[in-house]
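Numbered from 1 within each chain, the chains take letters A, B, ... in sequence-line order.
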Amino acid sequence: MHKNNKNISLQLIRNFPFIPSLIILIVLILLNGFYEPNSISIGSLVGLISTYLALMLLAVAQTYVVMSADIDLSVGGVISLVNVSIVAFMDHFGGGVYVVLLSLLLGIIIGILCGLINGFVVAILRLQAIVATFATSIFFMGLALYIMPVAGTPASDLFWLTYFENYFGIPFVIYALSFIILLIFFLNKSRFVKTLLAVGDGYLSAFQGGLDVTKTRVKGFLLCGFFSAVSAFCLTGETASGDPLVGTKMTLLSVAAVVLGGGALSGGSASVIGSMIGVLIIGLINSLVFFIGTPSEWQNLIQGLSILIALMIGIYINIKAQA
Amino acid sequence: MNKTGGRMLKKYLIKILTFLTFFSLTYQAQAESFKIGLSNGWVGSEWRTQMIDEAKEAAAAWAGEGVEIEILVQSANVDVPGQIAHVKNFISQGVDAIIINPNSPTAFDPVFKQAKAKGVLVISTDAEVSSQDAVYVGIDQKGWAAKSAKWLAEQLNGNGKVVAINGFAGHPANQMRVDGYTEVFNQYANIEIIAEVNANWDQAQGQQAMQTLLATYPDINGVWVQDGMAVGAWRAISDAGRDNIIATGEIRRDFFESWKVEGYKTGASVNPPGVMASALNVAVHMMLGKNLKAAATDGVYGNAIYIPIPFVDGTNFDTVYNSMKDEPGYYSYSEALTIADTANYFK
C-alpha cells in the first residue's frame with residue numbers, strides 16, 4: 001500500500017514535471033506570508049502577477065525553444081525592440097483605440113520576424129544557438145536604440161490604464177493570465193509541442209522517425225518570437241513607457257525560470273506552466289530575502305544561494321521520478 | 001476681591017497652558033518616527049554600496065533631532081520588473097517614504113502612482129524619473145558634465161582637439177552628460193570634438209577606447225572622460241607617454257593616489273555617493289510636514305531639486321586628498337547635504 005502511494009506520486013511527477021516547483025512555490029508563498037502578512041493579501045498577490053507577467057511570458061517563450069534543445073539569448077533584445085517600437089508608434093500616431101490595436105499587430109509582426117531571423121541562423125544556417133542568438137540580441141538591441149535613442153517616451157494612457165483596470169471587479173492581468181494559460185493548454189494538446197519535444201530528444205532519431213527537424217526548430221523560434229512580443233506588451237503595460245535597455249537583464253532570468261520549472265536545457269523535457277512558476281519562485285525568493293531582514297550587503301548572495309537550492313530540490317525530485 | 005481671584009485664575013491657566021503646549025511639543029518631537037525604504041537596483045560598483053551606507057548614517061543622525069528612523073534596504077541586481085517589486089514590497093511593509101536609485105527613468109510611473117495613493121512619499125536620487133508622483137533630489141547630470149567640460153576648455157585656453165569617452169548609449173544620464181559637454185565645447189570656436197566613443201562605464205573598456213583613440217588621432221589635446229573610466233583612460237595616456245594631454249578625472253581614492261604620485265593635470269566633477277543621504281534628509285523634512293521654499297520644478301521632467309556639484313582640481317586637491325587619506329582605495333569622495341543644509345530648502 002505504502003509502496004503503491006509512492007509509485008503514484010512518482011507517476012504524477014513524471015507526467016507533470018512542474019509539481020516540485022509548484023510545491024516550492026506554495027512553500028515560498030506561505031513563508032512570505034509568515035514574515036510579511038500583507039504580502040499575501042489578494043491585492044499583493046495580484047500585484048505579484050502583474051509585476052512578473054512579462055517575465056512569465058518571456059519564460060514561456062524560452063520554453064518552446066528549450067523543448068527542441070535550442071536556446072534563445074535574444075529574447076531580452078526582442079522585448080526591448082517591441083517595447084520601443086509600439087511606444088514610438090503610439091506616440092507618433094496618437095493614442096487612439098485603433099492606433100493601440102494596430103501597434104499590437106505591429107508588435108506581433110516584429111516578434112515573429114525576430115523569431116524568423118533566429119530560426120534562420122540557428123536551424124537553417126546551423127550556427128550554434130547560444131552564440132547565434134547572442135549575436136542577434138545585439139542586433140535587436142541596436143535596432144531598439146536606433147528607434148528610441150534614449151528612454152523616456154510615455155506609452156499611450158489608454159494602453160497602460162487598461163492594463164491596470166478592473167473589469168467586473170477582476171483586474172485585467174488576471175484575464176490576461178487566464179487567456180494565456182488557455183492558449184498554452186491548447187498548444188500543449190497540439191501535435192506541434194509533441195513534435196518539438198521529440199526533436200529535442202534527439203535530432204537524429206527524430207529525423208529518422210520522419211520528422212522535419214529544421215522546420216520544427218524554426219517553428220519553435222517563431223513561437224518564441226510571438227510570446228516575446230506578448231511579453232513586451234505586458235511590460236509596456238506595467239511600465240507605461242519605452243526604454244531601449246529594458247530587456248537586457250531579463251534574458252538569463254527567463255532561462256533560469258525554465259530550468260527552475262523542471263525543464264532540461266538538453267531538450268526533450270520542459271513544462272510551460274513550470275517555467276511560469278519558475279518566474280514566481282525567483283520573484284518570491286527576492287521578496288522573502290528582504291522580508292526576513294537580510295542586510296543589504298548579503299541580499300544578492302542569499303538570493304543566488306536560495307535559487308540554487310530551489311534548483312537542486314527540483315532536479316533531485318525529478319531524477320528520483322525518472323529512475 | 002472677585003476681580004483679583006479671576007486674575008489669579010487666568011495666570012494659573014496661562015501657566016498650565018504654556019506648560020501643556022511645551023510638554024506636548026517636546027512629546028511630539030520625541031514621538032516622531034518614520035520607516036524609510038531604500039531601493040537600489042544595481043550593485044555593480046562600490047559607489048552604490050557607499051551610497052547606501054551614507055544614507056544609513058544620515059538616518060541615524062536624525063536621532064539627535066528626536067526623530068526615530070527605521071531603514072529598510074533592498075539592494076540587488078534586478079531587472080525593471082524586479083525593482084518594481086522592490087517598491088511593492090515596501091508598500092506591503094507600510095513604509096512612510098521610499099528613496100530609490102531607479103533602473104529606468106520612465107518605467108516606474110504606474111507603481112509610483114500606486115505608492116502615492118497609499119500616502120507613501122517617493123524620492124528618486126542619482127537618476128531622474130518622469131513620474132510626477134515623485135521628486136528627484138540629486139545632481140544635475142548635465143551640469144556635472146558642463147562643469148568639467150568648462151574646466152577642460154579653460155585648461156586648453158579655448159583651443160584644441162578633444163575626444164570624449166562616454167558611458168552607456170541609451171542611458172538617460174549618459175545622454176544628459178553628452179548634451180552638457182557638447183553645449184560647453186560649442187561655445188569655444190577653436191575647440192573641436194574629433195571623436196566620441198562609448199565605453200560603458202567600465203575601466204578596462206575605457207582604457208581600450210583611449211588606446212584606440214590615441215592610435216587613430218595623434219594630435220589629441222584634451223580628453224573628456226566620464227567617471228568609472230578615467231582611471232583606464234589615464235593609464236592608456238601614461239603608457240603612451242603623452243604627458244601633454246589634459247584629461248578629466250574621477251573621484252575615487254585610488255585615482256587621487258595616482259593623481260598625487262604622477263602629478264596628473266586633471267580635474268573632476270563630483271557625483272557624490274552622498275546623494276542618497278541628501279535625498280533622505282530632504283524626505284524627512286517633508287514628512288515632518290515642512291513646505292519647500294521653492295517648489296521642485298527643475299530638471300527635464302520638472303520635478304527635481306538639484307543640489308550643488310562639488311569640483312576637485314589643483315586648487316583644492318590637497319584638502320580633498322587629506323580628508324580621505326584613511327579610506328580604502330574604492331572609496332569615492334563624497335559630500336552630502338546635512339540636516340541643517342536641507343532645512344534651508346524649507347520654509
So the salt bridge (Lys or Arg N to Asp or Glu O under 4.0 Å) pairs with at least one residue in residues 278-294 of chain A (sequence neighbours excluded) are none
Using a strict cut-off of less than 4.0 Å between a Lys/Arg side-chain nitrogen and an Asp/Glu carboxylate oxygen, indicate whether B:Lys88 and A:Glu238 qualify as a salt bridge.
yes
Cut-off 4.5 Å, heavy atoms of chain B, and the answer for A:Ser44 is side chain
Applying a strict 4.5 Å limit to non-hydrogen atoms, the region of A:Leu235 in contact with chain B is side chain
With B:Ser104 as partner, the option from A:Asp243, A:Leu245, A:Val246 fulfilling side-chain contact (heavy atoms from CB on, under 4.5 Å) is A:Asp243
Do the side chains of B:His86 and A:Phe290 get nearer than 4.5 Å, heavy atoms only? no
A:Lys249 meets the side-chain hydrogen bond (donor to acceptor under 3.5 Å, both in side chains) criterion, sequence neighbours left out, with none
With A:Thr239 as partner, the option from B:Val111, B:Val80, B:Thr106 fulfilling side-chain contact (heavy atoms from CB on, under 4.5 Å) is B:Val80
Filtered by a 4.5 Å non-hydrogen cutoff, the part of residues 119-126 of chain B contacting chain A is none
One should read off an interatomic distance between A:Gln299 CD and B:Gln74 CD, to the nearest 0.5 angstrom, of 6.5 Å
One should read off an interatomic distance between A:Trp160 CH2 and B:Lys113 NZ, to the nearest 0.5 angstrom, of 4.5 Å
Residues passing the ring-ring contact (aromatic ring centres under 6.0 Å, His included) test with B:Trp224, sequence neighbours excluded, are B:Tyr181
**Q.** Electrostatic pair B:Arg48-A:Glu297, nearest N-O below 4.0 angstrom
**A.** no
In terms of heavy-atom pairs under 4.5 Å with chain A, the winner among B:Gly170, B:Ala85, B:Ala76 is B:Gly170
Okay, A:Ala54 and chain B: the region with an atom under 4.5 Å from a heavy atom over there is neither
To the nearest 0.5 Å, atom OG of A:Ser296 lies from atom CD1 of B:Ile52 at 5.5 Å
So, the part of A:Leu161 with a heavy atom under 4.5 Å from chain B: the answer is neither
In terms of heavy-atom contacts, B:Asn77 and A:Asn300 come closest through N-OD1, 3.3 Å
